[in-house]
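Right, one structure below, let's go through it.
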Amino acid sequence: MTIPIETNIIFGIPLGSTQIPIEICTKLKSLPALQGQNHGVKFEDNPELYNVLGYNAKFKNAITEIFSAWINNLSGNDEQKWVMTTNWITENTNGAAMTEHAHTNCMYSAVIYFDEILPEHPPLILMNPLAPSLNTNLYVKQVNANPFNATNYVCPCETGTMIMFPSYVKHGHAAYKSKVSRKSFACNFFPVGRFSSRDSSLDTNWLSYDD
């Protein structure tokens, strides 16, 4: 007997991707980079490397507007404002793997491939945060990966591509061999203004302090 069974995705993790204007890529090429994939430069030792766009409102706003258009369309809240917080460029000159990690003290993150991307440059891999619980005690082989059983997602990796995802999602990439450095720009976003409601309300204008 055959009966129809419907399958729905009940919870989803959004991933945004788009091609950005060449003007943004050109600007990013002129900025200083953190050397090495798992760089050890502390923020307090060189804070400007974690804010490479500095006070360049034109390009900060351009990237933030792309992100805001995407996330506000998903949420249905066209009035929500966002700011870019930390932003940096990584130049991987030795082909080392990027250690799996997530970003904190922010809500969303983005990566831009502004320079030359070669076939040997590995793509960014996003890790499924539900993966540890998919087969907690027993393992059943999954023949075809799909949104219900995949343990990771391979992001697009092409020159001019911008990808956006929730900051809690862990990500990394494999080691590789190439004479050409793998370069990328990364940044984080945080909501500003008044958001949420009732006892969970927050207005970022409240967040001031005396030195």
Side-chain angles (χ1 to χ4, degrees), residues 11-34 39 41-90 98 100-114 124 126-127 129 153 155-156 160-172 183-211:
F11 304 112
I13 299 174
L15 174 84
S17 63
T18 188
Q19 289 296 115
I20 63 169
I22 189 64
E23 181 185 15
I24 295 178
C25 291
T26 301
K27 175 60 180 178
L28 295 178
K29 289 179 182 179
S30 69
L31 302 177
L34 290 161
H39 47 78
V41 179
K42 295 182 179 179
F43 179 88
E44 55 269 26
D45 293 337
N46 209 336
E48 59 271 17
L49 286 181
Y50 291 97
N51 185 23
V52 290
L53 283 174
Y55 298 99
N56 192 320
K58 176 181 178 180
F59 290 95
K60 259 190 176 179
N61 291 343
I63 296 171
T64 303
E65 286 174 5
I66 294 172
F67 163 76
S68 298
W70 170 67
I71 197 60
N72 287 351
N73 180 63
L74 286 180
S75 67
N77 183 1
D78 293 336
E79 297 181 357
Q80 181 61 57
K81 304 297 183 183
W82 298 83
V83 295
M84 182 187 299
T85 57
T86 47
N87 54 96
W88 65 98
I89 290 175
T90 298
M98 176 196 289
E100 178 183 319
H101 68 286
H103 298 174
T104 58
N105 297 324
C106 51
M107 287 189 67
Y108 289 91
S109 299
V111 175
I112 295 176
Y113 299 107
F114 60 88
L124 189 70
L126 301 183
M127 317 303 174
Y153 177 84
C155 295
T161 298
M162 175 177 174
I163 57 176
M164 301 161 282
F165 53 91
S167 301
Y168 64 80
V169 177
K170 289 186 176 181
H171 50 281
K183 299 178 183 178
S184 62
F185 168 86
C187 61
N188 297 317
F189 297 100
F190 196 84
V192 290
R194 183 184 296 274
F195 52 91
S196 194
S197 63
R198 300 181 182 179
D199 60 339
S200 295
S201 296
L202 174 64
D203 188 332
T204 54
N205 291 309
W206 301 337
L207 305 180
S208 60
Y209 67 93
D210 295 326
D211 291 327

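Computed from a predicted structure; not experimentally measured. Throughout, numbering of the chain's residues begins at 1 and tracks the sequence.
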Any pair with a residue in [range] that passes salt bridge (charged side-chain N to carboxylate O under 4.0 Å, His left out), sequence neighbours left out, goes on the list, sorted by first then second residue, please.
| range | value |
| --- | --- |
| residues 77-87 | none |
| residues 185-194 | R194-D203 |
| residues 101-114 | none |

Among residues at least two apart in sequence or on other chains, which ones pass side-chain hydrogen bond (donor to acceptor under 3.5 Å, both in side chains) with [X]?
| X | value |
| --- | --- |
| W82 | N72 |
| N61 | none |
| Y108 | none |
| D199 | none |

**OP:** Using the side-chain contact (heavy atoms from CB on, under 4.5 Å) rule, take T64 and V83 through it: C-alpha gap first, then chi angles, then the decisive distance, then the call.
**Re:** CA-CA 7 Å; T64 303; V83 295; 5.9 Å; no
**OP:** Evaluate side-chain contact (heavy atoms from CB on, under 4.5 Å) for I24 paired with F185, printing each intermediate quantity in order.
**Re:** CA-CA 11 Å; I24 295 178; F185 168 86; over 6 Å; no
Would you say that [X] contacts [Y] through its side chain, given a criterion of any heavy-atom pair below 4.5 Å between the two side chains?
| X | Y | result |
| --- | --- | --- |
| F189 | T85 | no |
| Y168 | I13 | yes |
| I112 | S184 | no |

Quick one: closest heavy-atom pair of [X] and [Y], and the distance?
| X | Y | answer |
| --- | --- | --- |
| F195 | Q80 | CB-OE1, 3.5 Å |
| G193 | T204 | N-OG1, 2.8 Å |
| P21 | I66 | CD-CD1, 4.3 Å |
| L28 | I89 | O-CD1, 3.3 Å |
| A102 | H171 | CA-CE1, 4.2 Å |

Give, for atom [atom1] of [X] and atom [atom2] of [Y], the distance between the pair rounded to the nearest 0.5 Å.
| X | Y | atom1 | atom2 | value |
| --- | --- | --- | --- | --- |
| N51 | M84 | CG | CE | 9.0 Å |
| C187 | Y50 | SG | OH | 15.0 Å |
| S167 | M107 | OG | CE | 8.5 Å |

Output all residues satisfying side chain to side chain contact (heavy atoms under 4.5 Å, CB included) with [X], sequence neighbours left out; order by chain, then residue number.
| X | result |
| --- | --- |
| N73 | none |
| L15 | L126, Y153, C155, F165 |
| E100 | M127, K170 |
| C25 | I20, I22, F114 |

Original post:
Between S201 and S196, is any side-chain donor less than 3.5 angstrom from a side-chain acceptor?
Top reply: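 Short answer, no.
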**OP:** Compute whether any side-chain donor of one residue and acceptor of the other, for N87 and N188, lie under 3.5 angstrom apart.
**Re:**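 Not at all, the side chains of N87 and N188 share no donor-acceptor pair under 3.5 Å.
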Original post:
Restricting to pairs with a member in residues 12-34, which pass side chain to side chain donor-acceptor pair (under 3.5 Å), not counting sequence neighbours?
Top reply: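 Residue pairs with at least one partner in residues 12-34: Q19-T161, E23-K58.
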